[in-house]
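First up is the structure itself, then whatever we jot down about it.
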Amino acid sequence: MQVSHNAKGHPMADGMNLGLSAGQQAIKDQFHLIAREDLLNRSAEVEREGLDLKLLTQLLDGAGIAPATLLEQGAGDPHTLLVAVEELAYGDAGIGWAAVPAFQIATILGTCGTAGQRRAARDVFGNDAAATASVLLYEDFGRQPSELETRITRTPEGWTAAGHKSSVAYPHGADISLLVGREGDELAGFCFTGPRPGLTADRDDREAGKIAITAVPSGPVSIEGLTVTADERLAAGPELHRAVGQARLLLAAALIGVSRASLEFCAAYAVHRTTWGKPLAQYQGVSFPLIEHATELEEVRLLVWDVAARLAKHGAVADIERQVTRAVNRASSLGLRATRDGVQLIGVRGITRDLPAERWYRAAAVLGAIDFDVLETPFGLS
Amino acid sequence: MTISFEVPADARKLLDELRDWSLHEVRPLARLADSRETKYLDEGRRVIANCPIDMSPLSVPELGLVERSSGKRFRASDSERASHVLGALAMEAMCYGDGWAWGALPRNANLEKMLDVIGTPEQRERWQTPFSDGGDFQSSFAFTEEHCGSDIAAIRTQAVRDGDEWVINGRKRFSSQGAEATVMLVFVTVDPSQGLRGLRGVVIPQGTPGVRILRETEERKLGMRYLRQSTIEFVDLRVPYDNMLGDPDDPNSLLEGLNVLNRTRPFCMAWNVGTLRGATDFVHEWASSQTAGFSPRRWQRVEEDLAEIRASMDDLMRLIISAAWKADHGRPHRIEAAMAKAHGPHVVERGYRRLLQIMGSESSSEQHLLEKWYRDAVCFDLLEGTSQILKLTVGRGIFAAADREAGAAAKAALEPITA
């Protein structure tokens, strides 16, 4: 019998590896503890009053994944941020989602940014722990990046942009913004700092009212006459598609975190709530849906991780988009269904604000609709 | 990047060879195995001999996988300890053409797996020899009785010690290849009042006085007809004392051996996925020859549905592989294995239903294999635990974990509200 050996004569240890690295596991453990002991208790206040970004930055910094650090290190492995966002969203969906724009900027700049662009972004985050970040990517209507209708047009001085964006954090303007649109048929990305004429908040959902995820301001943004320069332009081509794909997967991680929180609490409740002489968990009408959701959650997480691992190797834009969209769609559907049962299986207490279940249900409604393509998931499968 | 789902190139090549073998050698005999209701076909001897691998646990510990021609051991995961990941991928590839053949591979059944885990050195020496000699030496597995399946604590077939022998009385139903086997692994109780702790496994050679085959197989059963399931009675049957696997005085010995089933459950579902993958390609090829019959809009939907069936198989395989990867690394994987086996039939059978509908009335003809694969598919939800039973296993795990994490908060939520 022979065992494959590497050049140094050691047995080959390549092949599938589904385990977290020591660093990823440490982040997971650390954030999990913080989620349970702090974020969950902070949820109602954050939803009502908004999030102090300094606290979030401090938290990320403690785990070595503050945006400035990520930008310093360049493109890292995608799974670290997927793990981090899942754990943060498990603690609180609003806080988890608040971390995503900065992570998305670090992810995209890490692959497609120049050293100067990364340095400028690093300075923004490094100089101010409360620096705000906006990603002007999503447009609703199920549009994939290759279908974005935000038009980028060449001018003698650089480029102008026009279009509409949705689910934008800090719609009135952020300290650093990343815009993704299309120039002709090509995906184009720009990163700029500070307020920029040409961006108009159509609505601030924190002020106008929003079902959930109000830790930071958000809303739709109109883009008209926005000018950007060559120094702000990111590398284009398949690399940009891959980076945007990785950034989109962070939403799936947030949905997995919310689903997990909801299922876990509901299962624990079912262990302790007694009806007709025995715990709810012993009724298969209650336990089986939870078991099925828990199984689907494992399946979706593995799907997201696999897509993230494969993105780096996929050259074809259509493949990248289809795989990312399917992963995000599955996470979106999971989030909506798992949090629905997370309320209903608890019973009427589930709709009260005494329990967190109703907040997860509302959070999934927001996150599950940000980047969903009806073409990818027919209604019958949703 | 640490997390990777990539299979090394040499292992991928081996899997491709297995898939070709299954398509070109196994599939042509699929209908014959179904109609003759056996996987031991004279016509199949060459097919079995041509299988590129030996995946016997007696060749490689922990369900390893060895290339037959070179003796080279492959791996698909980063583990240097075991090869469950590659084993699961190999199962999928081996069953691409049809599922009848892999079970006919020599030295590849649960007795051999249990023997490897809990057999004493003397028992391994004694029972491995006939397996290793090749030939037609085959084993069976007899768990189920008329009144109990997964509830193995209720087993009534009893072994009573009489000097240097065990005297066995009882009856087994649905024993996989029971009547065809050279030797049977029969689960008995040495003390019915002890429940699970009274369970033991006894090796019984076929033809031992006291063995009565009441029914060789369930004739014309719905599916998986190539897998004979026998009804066997034991009447004052006597076997030597050391035919009982492991230490007869140690109740934990057999329970440890039963953990083998955690490792084989993902394999069982990979078998199911493998045949669906082949069936999907078969229907795609058939439908591609019939495009004139589909409107452009319907053809687009057909292609989308076929793509989704394939993607859903990939999703399921990741769940299977996740359980296998944990087994490779010696990590707990009972819940993951049960998840894969409980969830899999839902995914696979949904795929088959849509394949039938795409192919239309043509799918019902025995001129094609789709109707057989559809019949076979439902049997996977019965082998090695039904979805419902395995969900109970998953439930025990996830409810305990949830209670550890959120039990205090849940209890607090049940406190009466105060003004």
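The structure presented is a predicted model; accordingly, all values stated were derived computationally and were not measured. Each chain gets a letter, A, B and so on, in the order the sequences are listed, and its residues count up from 1.
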Report task. Assess whether side-chain contact (heavy atoms from CB on, under 4.5 Å) is satisfied between A/Q284 and B/K391, documenting all intermediate values. Result -> CA-CA 9 Å; A/Q284 291 169 5; B/K391 280 178 186 171; over 6 Å; no

Query raised in the report: Is there a side-chain contact (heavy atoms from CB on, under 4.5 Å) between B/I398 and A/E264 once you walk through the steps?
Result: CA-CA 8 Å; B/I398 67 167; A/E264 185 180 277; over 6 Å; no

Query raised in the report: Taking all non-hydrogen atoms of both residues, which atom of A/A267 and which atom of B/F399 are closest, and how far apart?
Result: O-CD2, 3.4 Å

Report summary line: When every non-hydrogen atom of A/F265 is compared with those of B/A413, the smallest separation belongs to CZ-CB, 4.2 Å

Requested in this report: With a 4.5 Å cut-off on heavy-atom pairs, point out which of B/A340, B/A311, B/A408, B/A401 contacts chain A the most.
Outcome: B/A311

Requested in this report: Would you check if there is a donor-acceptor pair between the side chains of A/E299 and B/H343 at a distance under 3.5 Å?
Outcome: yes

Query raised in the report: Is the number of heavy atoms from other residues, nucleotides or ligands under 6.0 Å of A/R36 CZ greater than 12?
Result: yes

Report task. Indicate yes or no: does A/R326 engage B/D315 in a salt bridge with an N to O separation below 4.0 Å. Result -> yes

Report task. Before accepting this row, confirm whether a basic side-chain N of the pair A/E298/B/R318 lies closer than 4.0 Å to the acidic partner's carboxylate O. Result -> no

Query raised in the report: What part of B/I335 gets closer than 4.5 Å to chain A, counting heavy atoms only: side chain, backbone, both or neither?
Result: neither

Query raised in the report: Checking B/R396 against chain A: side chain, backbone, both or neither under 4.5 Å from a heavy atom?
Result: neither

Requested in this report: Measure the spacing between CG of B/L392 and OG of A/S287 and express it to the nearest 0.5 Å.
Outcome: 7.0 Å

Query raised in the report: Could you give the distance from CG (A/D354) to CD (B/E415), rounded to the nearest 0.5 Å?
Result: 12.0 Å

Requested in this report: May I have the step-by-step check of side-chain contact (heavy atoms from CB on, under 4.5 Å) for B/E304 and A/L375, ending in yes or no?
Outcome: CA-CA 10 Å; B/E304 288 169 356; A/L375 276 182; 5.8 Å; no

Query raised in the report: Which bit of A/R273 comes within less than 4.5 Å of chain B, counting heavy atoms only: side chain, backbone, both or neither?
Result: both

Requested in this report: Pick one of side chain, backbone, both or neither for A/I291, based on which atoms fall under 4.5 Å of a heavy atom in chain B.
Outcome: both

